[in-house]
Amino acid sequence: MKMTFRWYGESDSISLSAIRQIPNMSGVVTAVYRVPVGEVWPREDIARLRELCVQNGLEMEVIESVPVHEDIKLGRETRDRLIANYAENIRRLGEAGVRCVCYNFMPVFDWLRTNLHTEAEDGSNSLSYDHEQLMRLDPHHLSLPGWDESYTRDELQGLLAAYKTVSHEQLFDNLIYFLRGIMPACQEAKIDMAIHPDDPPWDMFGLPRIISTEADIDRLFAALPDPHNGLTFCTGSFGAGRDNDLVRMAGKYAAAGRIPFAHIRQIKWSGELDFAECGHRTEAGSLDIYGIVRALVQNGFAGYVRPDHGRNIWGEDGKPGYGLYDRALGAAYLNGLFEAAEREMEK
Ligand code: DNO
């Protein structure tokens, strides 16, 4: 296991020197943010990021994300050029020592919450999801926490309309078409692709979602058995689906060598679909975090891990989910769980 930390590049308020001081940090998970989706990342930008990491004693072996252009997901004619650009990014990242690329295939929104600052009893705050509140939103006048700056009203309406004719089957076929197109570059660059599951794992606003359950993942690996076709095992995303058995899934896909990357966070369920994010400990929420780590370790997991979304604590006003303090506590906790599970294995 290699412990890593997400870093939003030079504009992140959290410094690399602070990240380095978190126990057991091997490197960061980052991306080139200034290039529009679909374009090729300049080699200088990649080299600059890597150089900053190296100067701070950190590796840059994981990129999250190289975003997938909506035209690829929609299967539009322009996709071949965009897939060629994506493959070029993979080759350039491989040259810079990157070994894993996290991406997702969710139409339009790659995460959804209804509140980014839900206050807990102890005064901390975190992201939360209330299904009824979401359903009450008018899709034609959508205003969503964290998303209002990403699309203009017209862009969003155009995309929602374009997806009306895209079925789950078609979206899945478009995913396989995309992966087939980039696999030669992944083999050449020695990069594992790690698809991020749907967050949360169900359809939204009529947009299809296809990476939500164990059956979905089985279908993905059956359609494209290439070992570079892997999964980001995101506990919080899969875990919002009450039917997903995370301990089982973690063990199964780790044993198959399909988990190059794990996002580990805790959520607390309420009602049938609602949840709030909380501290990483098993006791704090609804997911068996220790059971998941143990299943990973016992099944030979050797990938990257990052503590996912933390709360805002100690007066920090961090980017929602991505402050320093609670993610650092999460990393420390996860280090302990991994050590315990590894010791148990040695016995
Ligand atoms: C949110 C993140 C996502 C994730 C992408 C990966 O906090 O988990 O934005 O980075 O879905 O492609």
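We use all heavy atoms of the structure for the numbers below, so side chains are in, but hydrogens, waters and symmetry mates are not. Please read all numbers here as calculations on a predicted model, not as lab measurements.
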| Neighbour count above 12 (heavy atom, 6.0 Å) for Glu132 CD | no
| task | Evaluate whether atom CZ of Arg153 has more than 12 neighbouring non-hydrogen atoms of other residues, nucleotides or ligands under 6.0 angstrom away. | result | yes
| request: Return yes if some donor-acceptor pair links the side-chain N/O of Glu155 with the main-chain N/O of Thr152 below 3.5 Å, else return no. | output: yes
| query | Are a donor atom and an acceptor atom from the side chains of Glu70 and Tyr163 found within less than 3.5 Å of each other? | reply | yes
| With a 4.0 Å cut-off, would you call Asp130 and Arg136 a salt bridge? | no
| query | Do any N or O atoms from the side chain of Asn229 and from the backbone of Leu224 form a donor-acceptor pair under 3.5 angstrom? | reply | yes
| query | Under a single-linkage definition using a 4.5 Å side-chain heavy-atom cutoff for Ile, Leu, Val, Met, Phe, Trp and Tyr, are Val68 and Ile182 assigned to the same hydrophobic cluster? | reply | yes
| remark: Note: Met60 and Val98 closest approach over all heavy atoms is O-CG2, 3.5 Å
| query | Under the ring pair (Phe, Tyr, Trp, His ring centres under 6.0 Å) test, which residues partner His69, sequence neighbours left out? | reply | none
| said: Can you confirm whether Asp243 is buried at CG, in the sense that more than 12 heavy atoms of other residues, nucleotides or ligands lie under 6.0 Å from that atom? | reply: no
| By ring pair (Phe, Tyr, Trp, His ring centres under 6.0 Å), which residues pair with Tyr304, not counting sequence neighbours? | none
Contacts table for residues 320-327: side-chain donor-acceptor under 3.5 angstrom, sequence neighbours left out:
unit_1: Tyr322; atom_1: OH; unit_2: Arg6; atom_2: NH1; d: 3.0
unit_1: Tyr322; atom_1: OH; unit_2: Arg306; atom_2: NH2; d: 3.1
unit_1: Tyr322; atom_1: OH; unit_2: Asp308; atom_2: OD1; d: 3.4
unit_1: Tyr322; atom_1: OH; unit_2: His309; atom_2: NE2; d: 3.3
unit_1: Asp326; atom_1: OD1; unit_2: Arg311; atom_2: NH2; d: 2.9
unit_1: Asp326; atom_1: OD2; unit_2: Arg311; atom_2: N; d: 2.8
unit_1: Asp326; atom_1: OD2; unit_2: Arg311; atom_2: NE; d: 3.0
unit_1: Arg327; atom_1: NE; unit_2: Gly323; atom_2: O; d: 2.8
unit_1: Arg327; atom_1: NH1; unit_2: Arg6; atom_2: O; d: 3.1
unit_1: Arg327; atom_1: NH2; unit_2: Tyr322; atom_2: O; d: 3.1
unit_1: Arg327; atom_1: NH2; unit_2: Gly323; atom_2: O; d: 3.3

| task | Give a yes or no answer on whether the side chain of Ser124 reaches the backbone of Ile313 with a donor-acceptor pair at less than 3.5 Å. | result | no
| When you measure from the side chain of Asp216 to the backbone N and O of Ser212, does any donor-acceptor pair fall under 3.5 Å? | yes
| request: Report yes if the side chains of Val297 and Leu337 come closer than 4.5 Å at any heavy-atom pair, otherwise no. | output: no
| query | Under the 3.5 angstrom rule, does the side chain of Asn299 hit a backbone N or O of Ala254 as a donor-acceptor pair? | reply | no
| request: Apply salt bridge (charged side-chain N to carboxylate O under 4.0 Å, His left out) to the pair Arg294 and Glu344, showing each step before the final yes or no. | output: CA-CA 9 Å; Arg294 201 163 162 269; Glu344 198 186 320; 2.8 Å; yes
| query | For Gln266 and Glu277, what are the C-alpha separation, side-chain angles and deciding distance, and is it a side chain to side chain contact (heavy atoms under 4.5 Å, CB included)? | reply | CA-CA 6 Å; Gln266 178 63 298; Glu277 297 180 0; over 6 Å; no
| request: Determine, using the 4.5 Å side-chain heavy-atom cutoff (strictly less than), whether Phe5 and Tyr8 are members of one ILVMFWY cluster. | output: no
| query | Same cluster for Tyr103 and Ile211 if Ile/Leu/Val/Met/Phe/Trp/Tyr side chains link at under 4.5 Å? | reply | yes
| Do side-chain atoms of Asn115 reach the backbone of His117 as a donor and acceptor pair under 3.5 angstrom? | yes
| task | Using a strict 4.0 Å threshold on nitrogen-to-oxygen distance, state whether Asp192 and Arg99 make a salt bridge. | result | no
| Under 3.5 Å donor-acceptor, Asn244 side chain and Ala240 backbone | no
| query | So, do Met106 and Met204 sit near enough that their side-chain heavy atoms are less than 4.5 Å apart? | reply | no
| task | Taking the side chain as every heavy atom from C-beta outward, state whether Leu246 and Asp288 have any atom pair closer than 4.5 Å. | result | no
| Given side chains that start at C-beta, do those of Ile72 and Ile83 come closer than 4.5 Å, heavy atoms only? | yes
| message | Donor-acceptor check, side chain of Thr118 to backbone of Asn125, threshold 3.5 angstrom: yes or no? | response | no
| In terms of side-chain heavy atoms, does Tyr253 have a donor or acceptor partner in Asp218 at a distance below 3.5 Å? | yes
| field | Salt bridge present between Arg91 and Glu88 (N-O < 4.0 angstrom) | value | yes
| Non-hydrogen side-chain atoms of Asn174 and Leu74 separated by less than 4.5 Å | no
| query | Are Phe205 and Trp147 an aromatic pair by the rule of ring centers under 6.0 Å? | reply | no
| task | Please list, chain by chain and in numerical order, all residues satisfying side chain to side chain donor-acceptor pair (under 3.5 Å) with Ser286, sequence neighbours excluded. | result | none
| message | Which heavy atom of Tyr86 sits nearest to which heavy atom of Val66, and what is that distance? | response | OH-O, 2.7 Å
| Side chains of Val166 and Pro107: does their closest heavy-atom pair fall under 4.5 Å? | no
| task | Show your working on side chain to side chain contact (heavy atoms under 4.5 Å, CB included) between Ile19 and Leu58 and close with a plain yes or no. | result | CA-CA 9 Å; Ile19 293 172; Leu58 291 162; 4.2 Å; yes
| task | Is it possible for you to check whether Lys268 lies under 6.0 Å from the centre of the six-membered ring of Phe275, through NZ or CZ, and within 45° of that ring's axis? | result | no
| Can you tell me how far the CD1 atom of Ile292 sits from the CZ atom of Phe233, to the nearest 0.5 Å? | 6.0 Å
| field | Contact check, side chains of Ile289 and Ile264, non-hydrogen atoms, under 4.5 Å | value | yes
Could you list the donor-acceptor pairs under 3.5 angstrom formed by side chains in residues 23-30, with sequence neighbours left out?
unit_1: Asn24; atom_1: ND2; unit_2: Asn335; atom_2: OD1; d: 2.9
unit_1: Ser26; atom_1: OG; unit_2: Met3; atom_2: O; d: 2.9
unit_1: Thr30; atom_1: OG1; unit_2: Trp7; atom_2: O; d: 2.7

| query | Taking it one step at a time, do Arg209 and Asp199 satisfy salt bridge (charged side-chain N to carboxylate O under 4.0 Å, His left out)? | reply | CA-CA 9 Å; Arg209 288 183 151 195; Asp199 181 13; over 6 Å; no
| request: Could you tell me whether Arg248 atom CZ has more than 12 heavy atoms of other residues or ligands within 6.0 Å of it? | output: no
| said: When you group the ILVMFWY residues by side-chain heavy-atom contacts below 4.5 Å and let the links chain together, are Tyr33 and Ile14 in the same group? | reply: no
| Atom pair SG/CD1 of Cys234 and Ile259 - distance to nearest 0.5 Å | 11.5 Å
| query | Out of curiosity, does Val293 fall in the hydrophobic cluster containing Ile267 (side-chain heavy atoms, cut-off under 4.5 Å, transitive links)? | reply | yes
| task | Return the set of residues passing ring pair (Phe, Tyr, Trp, His ring centres under 6.0 Å) with Trp41 (not counting sequence neighbours), or none when no residue passes. | result | none
| message | Can a donor-acceptor pair be found, under 3.5 Å and without considering hydrogens, that links the side chain of Thr235 to the backbone of Arg265? | response | yes
| field | Any donor-acceptor N/O pair, Ser237 side chain to Pro200 backbone, under 3.5 Å | value | no
| said: Once rounded to the nearest 0.5 Å, what's the spacing between atom CD1 of Ile63 and atom CG of Asn89? | reply: 10.0 Å
| request: Let me know which of Arg50, Lys190, Lys2 forms a salt bridge (Lys or Arg N to Asp or Glu O under 4.0 Å) with Glu61. | output: Lys2
| field | Under 3.5 Å side-chain donor-acceptor pair for His196 and Glu64 | value | no
| said: Contact between Asp226 and Phe221 at the side-chain level, heavy atoms closer than 4.5 Å - yes or no? | reply: no
| query | Is it true that atom CZ of Arg92 has more than 12 heavy atoms of other residues, nucleotides or ligands lying nearer than 6.0 Å? | reply | yes
